[in-house]
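In what follows, a structure is listed as structure tokens, so that the remarks can point back to it.
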Protein chains: 4
Amino acid sequence: MVKRNKPKYKQIIEAAVIVIAENGYHQAQVSKIARQAGVADGTIYLYFKNKEDILISLFQEKMGEFITKIEAEIEGIESASEKLFMLIETHLSLLAADHQLAIVTQLELRQSNKELRVKINEVLKKYLEVIDLILRTGMEKGEFSKELDIRLTRQMIFGTLDEIVTSWVMSEHKYDLVALAKNVHHFLMNGCCVPVSKTYQ
Amino acid sequence: MVKRNKPKYKQIIEAAVIVIAENGYHQAQVSKIARQAGVADGTIYLYFKNKEDILISLFQEKMGEFITKIEAEIEGIESASEKLFMLIETHLSLLAADHQLAIVTQLELRQSNKELRVKINEVLKKYLEVIDLILRTGMEKGEFSKELDIRLTRQMIFGTLDEIVTSWVMSEHKYDLVALAKNVHHFLMNGCCVPVSKTYQ
Amino acid sequence: MVKRNKPKYKQIIEAAVIVIAENGYHQAQVSKIARQAGVADGTIYLYFKNKEDILISLFQEKMGEFITKIEAEIEGIESASEKLFMLIETHLSLLAADHQLAIVTQLELRQSNKELRVKINEVLKKYLEVIDLILRTGMEKGEFSKELDIRLTRQMIFGTLDEIVTSWVMSEHKYDLVALAKNVHHFLMNGCCVPVSKTYQ
Amino acid sequence: MVKRNKPKYKQIIEAAVIVIAENGYHQAQVSKIARQAGVADGTIYLYFKNKEDILISLFQEKMGEFITKIEAEIEGIESASEKLFMLIETHLSLLAADHQLAIVTQLELRQSNKELRVKINEVLKKYLEVIDLILRTGMEKGEFSKELDIRLTRQMIFGTLDEIVTSWVMSEHKYDLVALAKNVHHFLMNGCCVPVSKTYQ
DNA sequence: GATGAATGAGTTTTCATTCAT
DNA sequence: AATGAATGAAAACTCATTCAT
């Protein structure tokens, strides 16, 4: 049985989310996480190589669930545009539903050192590939412009979503994040210019 | 004469940019910055209240120049769309032209604690207001959709630019950042959908 | 088991006495105390909140023993005058027997900041209460003048003893401190005037 | 003209008294004293060798005045006992009349390092000699017991006075210090025992 | 497997003093 | 005589990680 499936593994990760959300990245000492998890400091090191490993594992676990859920949601959908809408809505819903996780991923984990963020980016790649797939599908189906620069478009979609969620977290969740999905989708599909075609309709 | 205008003030800030870019945020000790600036450790504290104050001042100075230059570029332009293009191109140009500054603002300063980042965000607001102004102008002139949610659109534009520059920095400046301006502008104006109107024209 | 009873607690306090006596208050760095105690610097902070806490605890422990011993010595004695003599002799004996402690309490700890000295004074209060008790007993028994101002008399007795010990420490323990007890007691009982009564004897 | 007589010399010493009384010994930086004195930091060093020299000079000047005044008060007095009373009363009066000076000499200057306190003790010697002289006079005149140990008695008198004033300063001058003179004198003359002789009178 | 006491490296900041003007 | 900008040495404390039990 691998460590990943033992109860204390998840227990420690959940404790880390809570401790980081409540105390901030720099005040999330290993001993605090251990206390929150109800284990001894040393026990942490039976499940994780070091502190950084807790954070990477946290991100992997949470991002894994995140991607799985999004893929499940968009699976049966035909239209690329609708797939994109569902990705946006699920992205916003999942983070709106878990304030602590949102704080940890949008604010706190970004304070980690460059090394850790490189590893986080590797985990993120899987999510970016989901976006890429939607884009390629849309281009093949003629829904999206054939001239899209995939990498650039993916960066813009991800950057857009990320900034929106971060702003929402920094505003202390004052407004309804999910309600923005429709507008976000419309912007990503049509930009901010006046829809010329419609004026001729 | 205020400290801000004394030569050592700027000298220390330039030293901080170099030291942070080369060593990373967490390895940028005050003594290293002092050595780079060619002053004694204690001299730093004649110009800055504490280490955090160096970083905030750095961001204020650089962001101030950044905004001033962008405002100068877009000033005489009539069309909001062209203003937006110029903002994008200048944003990318300025950071492409100063690799060290790009590393510091896109990667290193984000590792700072929440307190510092809150202060950084206050400085950022002035830039976001420039974007807002372009959006409002464009809406009034009929160039941009009248239904734009200003806050949301501004977040998407800034999030897009920020993610593009960050990706470019993390790729270690492997490609031409400024060359992306045209595509970015097109995406922000038209989104990723097939330009329906044009097919009917 | 509370920290106070763990062996390292006392070990660190004894180390602090030695280091302060040998190096002086301002040269008694935490790392020096740790080295003398045979523990790591960090271990100090498992037993003491901060450096000041070491010094307060040192004073509390030593003053606690001091008072306990004096109370034990004077307990069975009937006469208030003899109680006072025993207090004087024990006070001088205990400090004469521990040169290092005498240096620390008479000279070095007085260099501490006001905050620490306020806390030291709180500990001292318990000793002053022992003096008060002797004075009240003596007044009730008719041994001491009924017109004594308790607070003032206590201050004079303590001030006398303190100055004598301090002078002895500053003289670098050149003479026999305990031998002074008899004269000190006589002075405190009779003052410096000619014993009028005796002239009539 | 020696420095001692130049106006800035006294000006700096007065500034030091004020700054130390208001801020405490450890918060009395040279630059603060300079500002209070209305001179530049560097000017201090035209009048004093170093910071310690300010403090020693302060003590010398103030103690000099102190001794001069006390000597003037006791000069014409015949009786040693009355001389002693006048010394006590003047000692208490002078410090009661200058709260700032009392704080500085009783509390703040004692935080200085051992080296400085050794020099302070040298200045104190002159005062102790005044006490010694009274004692010797009294012994010669038959007012004081012929068996007095001069050094010890002087220590007890000084220790008594010092402790009384220190207690008063620490109580934040809550009671009338000078009013205690009579009782203090009576105690120093007769001790705390019941005046046996008088009962026979 | 679990514990938790012990370790020790590493950095910001203050402030007395100097000296060119 | 007076200035005040510049200097640079020095120390408390935290916390990730280990390892004997």
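Labels below follow one simple rule: chain letters A, B, ... track the order of the sequence lines, proteins then strands, and each chain is numbered from 1.
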task = Rounded to the nearest angstrom, tell me the gap between atom CD1 in D/Ile33 and atom C1' in F/dG4.
result = 17 Å

note = Re E/dG8: Watson-Crick or G-U wobble partner, both distances kept under 3.5 Å, found to be F/dC15

inquiry  = Measure CZ/A/Phe48 against P/E/dA2 and give the value in whole Å, please.
reply    = 13 Å

message = Quick one: does any side-chain atom of B/Asn121 pair with a main-chain N or O of B/Leu124 as donor and acceptor, under 3.5 Å?
response = no

message = Without decimals, in angstroms, what is the distance between D/Leu55 CG and E/dA16 P?
response = 10 Å

request  = Looking at every strand, decide which applies to A/Lys32 at a 4.0 Å heavy-atom threshold: base, sugar-phosphate, or nothing.
outcome  = nothing

message = Whether D/Lys8 contacts F/dA2 is assessed here as follows: a side-chain N or O lying under 4.0 Å from the phosphate OP1 or OP2. Is that the case?
response = yes

message = Checking side-chain polar atoms at under 3.5 Å, does C/Glu14 have a donor or acceptor matched by the opposite partner on C/Gln11?
response = no

Pairing partner (Watson-Crick or G-U wobble, both distances under 3.5 angstrom) of E/dA2 = F/dT21

ask   = What is the distance, rounded to the nearest whole Å, between atom CD1 of C/Ile44 and atom P of E/dA5?
value = 16 Å

message = What is the separation between atom CZ on B/Arg35 and atom P on F/dT7, rounded to the nearest whole Å?
response = 14 Å

query = Quick one: A/Tyr9 OH to E/dA2 P, roughly how many Å, whole number?
reply = 16 Å

query = NA contact type, A/Tyr47, heavy-atom cut-off 4.0 Å: base, sugar-phosphate, or nothing?
reply = sugar-phosphate

Short side-chain to backbone donor-acceptor contact, A/Arg110 and A/Thr105, under 3.5 Å = yes

Protein-nucleotides 13-17 of chain F N/O pairs under 3.5 Å:
| unit_1 | atom_1 | unit_2 | atom_2 | d |
| --- | --- | --- | --- | --- |
| F/dC13 | OP2 | C/Tyr45 | OH | 3.0 |
| F/dC13 | OP2 | C/Lys51 | N | 3.0 |
| F/dC15 | OP1 | A/Gln29 | NE2 | 2.9 |
| F/dC15 | OP2 | A/Gln29 | NE2 | 3.3 |
| F/dA16 | OP1 | A/Lys51 | NZ | 3.0 |
| F/dA16 | OP2 | A/Val30 | N | 2.9 |
| F/dT17 | OP2 | A/Tyr45 | OH | 3.0 |
| F/dT17 | OP2 | A/Lys51 | N | 2.7 |

message = Can you confirm whether A/Gln106 sits close enough to A/Asp162 that some side-chain heavy atom of one is under 4.5 Å from a side-chain heavy atom of the other?
response = yes

inquiry  = Any side-chain to backbone donor/acceptor pair from A/Gln100 onto A/Ile18? Under 3.5 Å, distance only.
reply    = no

query = Is a side-chain N or O of B/Lys51 found less than 3.5 angstrom from the main chain of B/Val30, in a donor-acceptor match?
reply = no

task = Might you point out which heavy atoms bring C/Asp53 and C/Ser57 nearest each other, and give the distance in Å?
result = O-OG, 2.6 Å

